2 protein chains.
Amino acid sequence: MNRSELGGVRLQGVFENLSDQQVDAVLAAAIVRRHEPGEVVFEQGEEASWFFILLFGRLRVTQVTAEGQQVIVRMVNPGDLFGIAKALNRTDYPGTATAVSASAALVWPMSVWSDFVAQYPGFAQGAMETMGIRLQEAHTRMRELATEEVERRVAHAVLRLGNQAGKKEKDGIRIDFPISKQDIAEMTGTTLHTVSRILTAWENGGLVVSGRQKLLLTDPHRLLLIGDGVVPGLL
Amino acid sequence: MNRSELGGVRLQGVFENLSDQQVDAVLAAAIVRRHEPGEVVFEQGEEASWFFILLFGRLRVTQVTAEGQQVIVRMVNPGDLFGIAKALNRTDYPGTATAVSASAALVWPMSVWSDFVAQYPGFAQGAMETMGIRLQEAHTRMRELATEEVERRVAHAVLRLGNQAGKKEKDGIRIDFPISKQDIAEMTGTTLHTVSRILTAWENGGLVVSGRQKLLLTDPHRLLLIGDGVVPGLL
DNA sequence: TAGTCTCTTTGATCTGTAGCAAACGCAGAG
DNA sequence: CTCTGCGTTTGCTACAGATCAAAGAGACTA
């Protein structure tokens, strides 16, 4: 087994440039934590005492506005480094991480962060890479929110979900964790009502099959066309 | 003079942990480039051959969507590291940087990036800090775009401009570079028409004085209250 | 000083999407 | 198997803000 993997999970490059002994040392400093669906891994504003790599399962990272509206910042997928407040120069977590399916993560005390950065060049590099990816995703979503109408944003959102957490089935791509209309609304800056209307229109058009917390993309290609505005949209 | 400054400009921590000799070596590898208002420093999609630190002036970083709509991703202020495509693992620039006032920047060939990262721990650290700040800003704007109505977003945008590029005058805070309604619209995901209406309402309420590419914040405190939704807004 | 260009203002209309309200239906609990 | 709750659907209404249109006003140019 390649040491930059663990149980078949690619660890987002963080261990890429480490020797086997180094990987062992890093892993020795970690503990494993399991979380059931709905469990909170860490909470917005809480002191950032730990950072994590997700081994399996799925997390949702949210922020709440001053008025109490929730926004889903991103989903955390297996192999992802998360809870890295230190990389943002913060002492508290800027968001709340909640398990949406049964999950397990490697956990390190934040106190070892600086050591890891100092001792393992590949670690700092991996962390930077993670941030680069997130920054580009954030810019993409900013652009979408600023310029696209709701239906296109929803199309892009479900396609992203399909890429990150899609399980290929014979009749389409199934989103691999329970996802509600409310969730999709919080990813796209709209309401669950509008999401519901859009998805029923898509279902009638044969683009998706959606049920209670379930979503199957039956025609990703046409969804992409809608997302990119090449094609009018069904609502 | 502190070596982490240059001409009084704080260089965003990038040189923070370097010795004087190291700073000299880094500076020796740089050239200086000047740009007049309207000049393009680098263009979206272009091969990323250089990275920069702004010495003085002001730049606007934009992205254009497939449909040709422009979005202002951020403003670049003196001391800021920018054009760091390498940190995003990219070979091209993801956006276009345009000078909005007479500017000068230190310029390094991108080929030295890896050397700097390898040789100067403080450099990597500074780059990471830069990305951390940008990531948080991007999340803030995502949240705003997803949850706030236009007037509040515009309030937040002009306050940000005031903080980054505000010159204190006796009757308020002047935005230190030419800024059009169109610009503000592209920062907030709206149209110049709506921005114009909002600003005239604010001007009537004594919150700002706005002219052709000019903006003076006369009551930042009330603007903050509007931005945070504590107070209704004037439109 | 007139002329032109670009940025800005303002009015009138149109519409996408939020908000409200209520019914529906699947899924787990007892 | 029924009860209960939460996620969902759907109709109706309201309005923020986009769009369309056109005039106004600084600022630079000849």
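All chains are named by letter (A, B, ...) in the order of the sequence lines, taking the proteins before the strands, and each is independently numbered beginning at 1. If you're wondering where the values come from, they're calculated on a predicted model, not measured in any experiment.
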Student: Apply the test side-chain contact (heavy atoms from CB on, under 4.5 Å) to residues A:K181 and A:R197: give CA-CA distance (whole Å), side-chain angles for both, the deciding distance (0.1 Å), then the verdict.
Tutor: CA-CA 10 Å; A:K181 319 293 174 207; A:R197 286 181 232 271; over 6 Å; no

Student: With B:E67, which residues qualify under salt bridge (Lys or Arg N to Asp or Glu O under 4.0 Å), at least two apart?
Tutor: A:R152

Student: Tell me the ring-ring contact (aromatic ring centres under 6.0 Å, His included) pairs involving residues 61-93 of chain B, sequence neighbours left out?
Tutor: B:F42-B:Y93, B:F52-B:F82

Student: Nearest whole Å is fine: how far is D:dC6 P from A:Q182 CD?
Tutor: 14 Å

Student: Using the test salt bridge (Lys or Arg N to Asp or Glu O under 4.0 Å), find all partners of B:R90 that sit at least two apart in sequence or belong to another chain.
Tutor: B:D92

Student: Determine whether A:M187 and A:L161 make a side-chain contact, defined as any pair of heavy atoms from C-beta on separated by less than 4.5 Å.
Tutor: yes

Student: Not counting sequence neighbours, list each pair that qualifies as a ring-ring contact (aromatic ring centres under 6.0 Å, His included) and has a residue in residues 134-155 of chain B.
Tutor: none

Student: Anything under 3.5 Å between a protein N or O and an N or O of nucleotides 10-19 of chain D, put it in a table, one pair a line.
Tutor:
unit_1, atom_1, unit_2, atom_2, d
D:dT10, O4, A:H193, ND1, 3.0
D:dG11, N7, A:R197, NH1, 3.2
D:dG11, O6, A:R197, NH2, 3.1
D:dG17, OP1, B:V150, N, 2.8
D:dA18, OP1, B:T190, OG1, 3.0
D:dA18, OP2, B:T190, OG1, 2.9
D:dA18, OP2, B:T191, OG1, 3.4
D:dA18, OP2, B:T194, OG1, 2.4
D:dT19, O4, B:R197, NH2, 3.1

Student: Quick one, which residues of residues 59-66 of chain B touch DNA chain D with a heavy atom under 4.0 Å?
Tutor: none

Student: Indicate for each nucleotide in nucleotides 25-30 of chain D, in 5' to 3' sequence, whether protein heavy atoms under 4.0 Å reach the base (B), only the sugar-phosphate (S), or nothing (-).
Tutor: BBS---

Student: Please determine if A:R153 and A:E148 form a salt bridge, counting it only when a charged side-chain N lies under 4.0 Å from a carboxylate O.
Tutor: no

Student: Are B:T96 and B:V40 packed together at the side-chain level, in the sense that at least one heavy-atom pair is separated by less than 4.5 angstrom?
Tutor: yes

Student: Which pairs with one or both residues in residues 38-51 of chain B pass side-chain hydrogen bond (donor to acceptor under 3.5 Å, both in side chains), sequence neighbours excluded?
Tutor: B:H35-B:E39

Student: Going by atom type alone, with no hydrogens or angles, which donor-acceptor pairs under 3.5 Å involve a side-chain atom of residues 202-209 of chain B and a protein atom two or more places apart or on another chain?
Tutor:
unit_1, atom_1, unit_2, atom_2, d
B:W202, NE1, B:E151, OE2, 2.8
B:E203, OE1, B:S210, N, 3.3
B:N204, ND2, B:T200, O, 3.3

Student: For residues 57-66 of chain A, which residue pairs pass the side-chain hydrogen bond (donor to acceptor under 3.5 Å, both in side chains) check, not counting sequence neighbours?
Tutor: A:R58-A:N77, A:R60-A:D183, A:Q63-B:R143

Student: Walk along DNA chain C from 5' to 3' and tell me the first and last nucleotide with an atom closer than 4.0 Å to a non-hydrogen atom of chain A.
Tutor: C:dT17 to C:dA27

Student: Is there any side-chain hydrogen bond (donor to acceptor under 3.5 Å, both in side chains) pair reaching into residues 219-235 of chain B, and which pairs are they, with sequence neighbours excluded?
Tutor: B:H156-B:D228

